[in-house]
Peer 1: 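Take a look at the following structure, please.
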Amino acid sequence: PRAHSYTKYNTWSEIEAWIDSTASANPTLVSKQVIGNTFEGRPLILLKIGKSSTSTKPAIFMDCGFHAREWITPAFCQWFVKEAVETYGSDTEMTSLLNDMDVYVMPVFNVDGYVFSHTNNRMWRKTRSKISGTSCIGTDPNRNFDAGWCTIGASSDPCSDTFCGKTPESEIETKTVADFIRRNKSTIKAYITVHSYSQLLLFPYSYTYNLAAHHSELLTVAQGATAALTSLYGTRYTSGPGAATIYPAAGGSDDWAYDLGIKYSYTFELRDTGFHGFLLPESQIKPTCEETMLAVKYIATHVKNNL
Ligand SMILES: NCCCCC[C@@H](C[SeH])C(=O)O
Ligand SMILES: [Zn+2]
Ligand SMILES: [Zn+2]
Ligand SMILES: [Zn+2]
């Protein structure tokens, strides 16, 4: 049977096994939490990364695999965890980050969709929920959050790839993560959601063209993060508010987190700009993850320094 590798697109079962082995191999830095189940009954799993402490530390929440076909994103979340456990104690930035904060990493948000994209349809995007009254399957989880829900850049057609759902948080995956973040909103200082592709670093709002209250700080931090990213291999990124930078899109997790009071809320669109698109070759996993680490560490360090 295939083994887990940080430089290949692992199957869900390989990722699940990796989660368990990583947590058990690093008991003082890593703990596993199952926070719920998907529509098809798979576990929704968080890894809590940070120097274990009896007191509650401020935290960052990062998720990958929102959209099934965006395979580079679970690869990045796995890479982040690898870098954290490997460089804690040697890399000063990572060490002070994990001493002072916790990072909740959700390697795969849309587990059912990720499995389906491996077994049936590589280009699948949505969840795999059954919707009453139609044979069409699934909701776009990034249109399903209660943030300007279904007002713009989303569809009320269940057969659309941007179907917003029958109601906000109709998807059990959305509700489970929203509940977790609501429960922990006093400690969660930043929300990062990792998508592909387009090479963008986006921040609120996408449900309106109005600028966020913290627009200037969010832009400055995004520009610093993308400059750090570009410094490694020259990969060019664009930063900006979602509506104007990519397209208007209501119901997004980033807008929802921001309006909940989590100021540092970012959406990444990783490599590339369309040559391979969602089918990014495995040869680009390492460089993509290495450069993205620089951007995520930049944001995390800014958050830590501005607690
Ligand atoms: N909250 C919307 C952020 C901008 C759009 C992000 C992309 C990722 Se594939 C989308 O959900 O269409
Ligand atoms: Zn996406
Ligand atoms: Zn995308
Ligand atoms: Zn190529």
Side-chain angles (χ1 to χ4, degrees), residues 9 61-77 106-114 116-117 121-127 138-155 160-165 168-169 171 173-174 177-178 181 190-212 215 218-219 222 226 237-260 262 264-280 288 292:
Y9 296 123
F61 187 102
M62 180 166 71
D63 60 50
C64 294
F66 237 76
H67 292 130
R69 62 192 176 192
E70 299 166 11
W71 285 10
I72 186 60
T73 74
F76 175 68
C77 269
M106 187 174 200
V108 187
F109 175 100
N110 179 5
V111 188
D112 297 345
Y114 187 71
F116 190 75
S117 71
N121 178 349
R122 176 71 180 78
M123 291 305 281
W124 191 256
R125 170 181 168 96
K126 300 192 289 180
T127 64
T139 292
D140 183 346
N142 213 26
R143 304 294 183 278
N144 192 233
F145 282 77
D146 200 1
W149 180 76
C150 227
T151 53
I152 188 172
S155 171
S160 164
D161 246 2
T162 57
F163 177 49
C164 59
E169 300 182 15
E171 302 311 292
E173 298 85 355
T174 306
V177 168
I181 293 173
Y191 173 73
I192 298 171
T193 185
V194 189
H195 291 253
S196 76
Y197 62 88
S198 293
Q199 295 174 198
L200 302 171
L201 182 49
L202 307 167
F203 50 85
Y205 287 107
S206 294
Y207 70 64
T208 176
Y209 284 99
N210 296 337
L211 298 186
H215 173 83
L218 290 172
L219 179 60
T226 53
Y237 263 65
T238 304
S239 304
T245 310
I246 186 168
Y247 35 61
S253 58
D254 55 356
D255 287 357
W256 174 82
Y258 183 77
D259 282 343
L260 189 70
I262 300 172
Y264 301 104
S265 184
Y266 289 101
T267 297
F268 277 88
E269 287 269 44
L270 302 186
R271 289 190 191 183
D272 59 13
T273 55
F275 187 84
H276 296 290
F278 302 114
L279 310 184
L280 194 69
T288 301
T292 309

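In listed order, ligands and their atoms are each counted from 1. Since we're looking at a predicted model, the values are computed, not measured.
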Peer 1: State the atoms of ligand 1, each with its element, that fall below the 4.0 Å cut-off from a heavy-atom position in H67.
Peer 2: 9 (Se), 11 (O)
Peer 1: Please work out which of S206, G252, S265 has its closest non-hydrogen atom nearest to atom 2 (C) of ligand 1.
Peer 2: S206
Peer 1: Not counting sequence neighbours, which residues clear side-chain hydrogen bond (donor to acceptor under 3.5 Å, both in side chains) with T139? List them please.
Peer 2: E171
Peer 1: List ligand 1 atoms under 4.0 Å from H195, heavy atoms only on the residue side.
Peer 2: 8 (C), 9 (Se)
Peer 1: Mind checking whether P248 and Y207 have side chains closer than 4.5 Å, heavy atoms only?
Peer 2: no
Peer 1: Look at ligand 1 and say whether D255 reaches it with a heavy atom at a distance under 4.0 Å.
Peer 2: no
Peer 1: Do F278 and Y197 make the cut of ring centroids closer than 6.0 angstrom?
Peer 2: yes
Peer 1: Where is the nearest protein heavy atom to atom 1 (N) of ligand 1: which residue, which atom, and how far?
Peer 2: D254 OD1, 2.6 Å
Peer 1: Does ligand 1 have an atom that lies less than 4.0 angstrom from a heavy atom of Y207?
Peer 2: no
Peer 1: Between D140 and T162, do the side chains contain a donor N or O and an acceptor N or O under 3.5 Å apart?
Peer 2: no
Peer 1: Hey, which atoms in ligand 1 end up nearer than 4.0 Å to a heavy atom of L202?
Peer 2: 4 (C)
Peer 1: Just jot down the side-chain hydrogen bond (donor to acceptor under 3.5 Å, both in side chains) partners of E173, sequence neighbours excluded, or say none.
Peer 2: none
Peer 1: Assess the pair H195 and F268: is the distance between their ring centroids shorter than 6.0 Å?
Peer 2: no
Peer 1: Any chance you could lay out the side-chain hydrogen bond (donor to acceptor under 3.5 Å, both in side chains) test for N144 and T174, step after step, and finish with the verdict?
Peer 2: CA-CA 7 Å; N144 192 233; T174 306; 2.9 Å; yes
Peer 1: Check whether any N or O atom of R143, backbone or side chain, sits under 3.5 Å from an N or O atom of ligand 1, and answer yes or no.
Peer 2: yes
Peer 1: Considering only heavy atoms from C-beta outward, does the side chain of T193 approach that of F61 to under 4.5 Å?
Peer 2: no
Peer 1: Using ring centroids (six-membered ring only for Trp), state whether Y205 and Y258 fall under 6.0 Å.
Peer 2: yes
Peer 1: Determine which pairs satisfy salt bridge (Lys or Arg N to Asp or Glu O under 4.0 Å) with at least one residue from residues 269-279, sequence neighbours left out, and list them in order.
Peer 2: R271-E291
Peer 1: Work out how many protein N, O or S atoms lie closer to the Zn ion (ligand 3) than 2.8 Å.
Peer 2: 3
Peer 1: D254 and S265: side-chain donor and acceptor closer than 3.5 Å?
Peer 2: no
Peer 1: From the options Y247, F145, Y197, select the one whose nearest heavy atom is closest to atom 5 (C) of ligand 1.
Peer 2: Y247
Peer 1: Tell me which protein heavy atom sits closest to atom 9 (Se) of ligand 1, plus the residue, atom name and distance to 0.1 Å.
Peer 2: E70 OE2, 3.2 Å
Peer 1: Hey, which atoms in ligand 1 end up nearer than 4.0 Å to a heavy atom of I246?
Peer 2: 4 (C)
Peer 1: Considering L200, T73, N142, which one's heavy-atom position lies nearest to atom 6 (C) of ligand 1?
Peer 2: N142
Peer 1: Should the pair F145 and F109 be assigned to parallel (<30°), tilted (30 to 60°) or perpendicular (>60°) ring geometry?
Peer 2: tilted
Peer 1: Is there a heavy atom of G242 sitting under 4.0 angstrom from any atom of ligand 1?
Peer 2: no
Peer 1: Would you mind telling me if ligand 1 is within reach of the side chain of R125, the backbone, both or neither, using heavy atoms under 4.0 Å?
Peer 2: side chain
Peer 1: Would you kindly specify which portion of D140 sits under 4.0 Å from ligand 1, judged on non-hydrogen atoms: side chain, backbone, both or neither?
Peer 2: neither
Peer 1: Where is the tightest heavy-atom contact between D63 and C77, given as atom of each residue plus distance?
Peer 2: C-SG, 4.0 Å
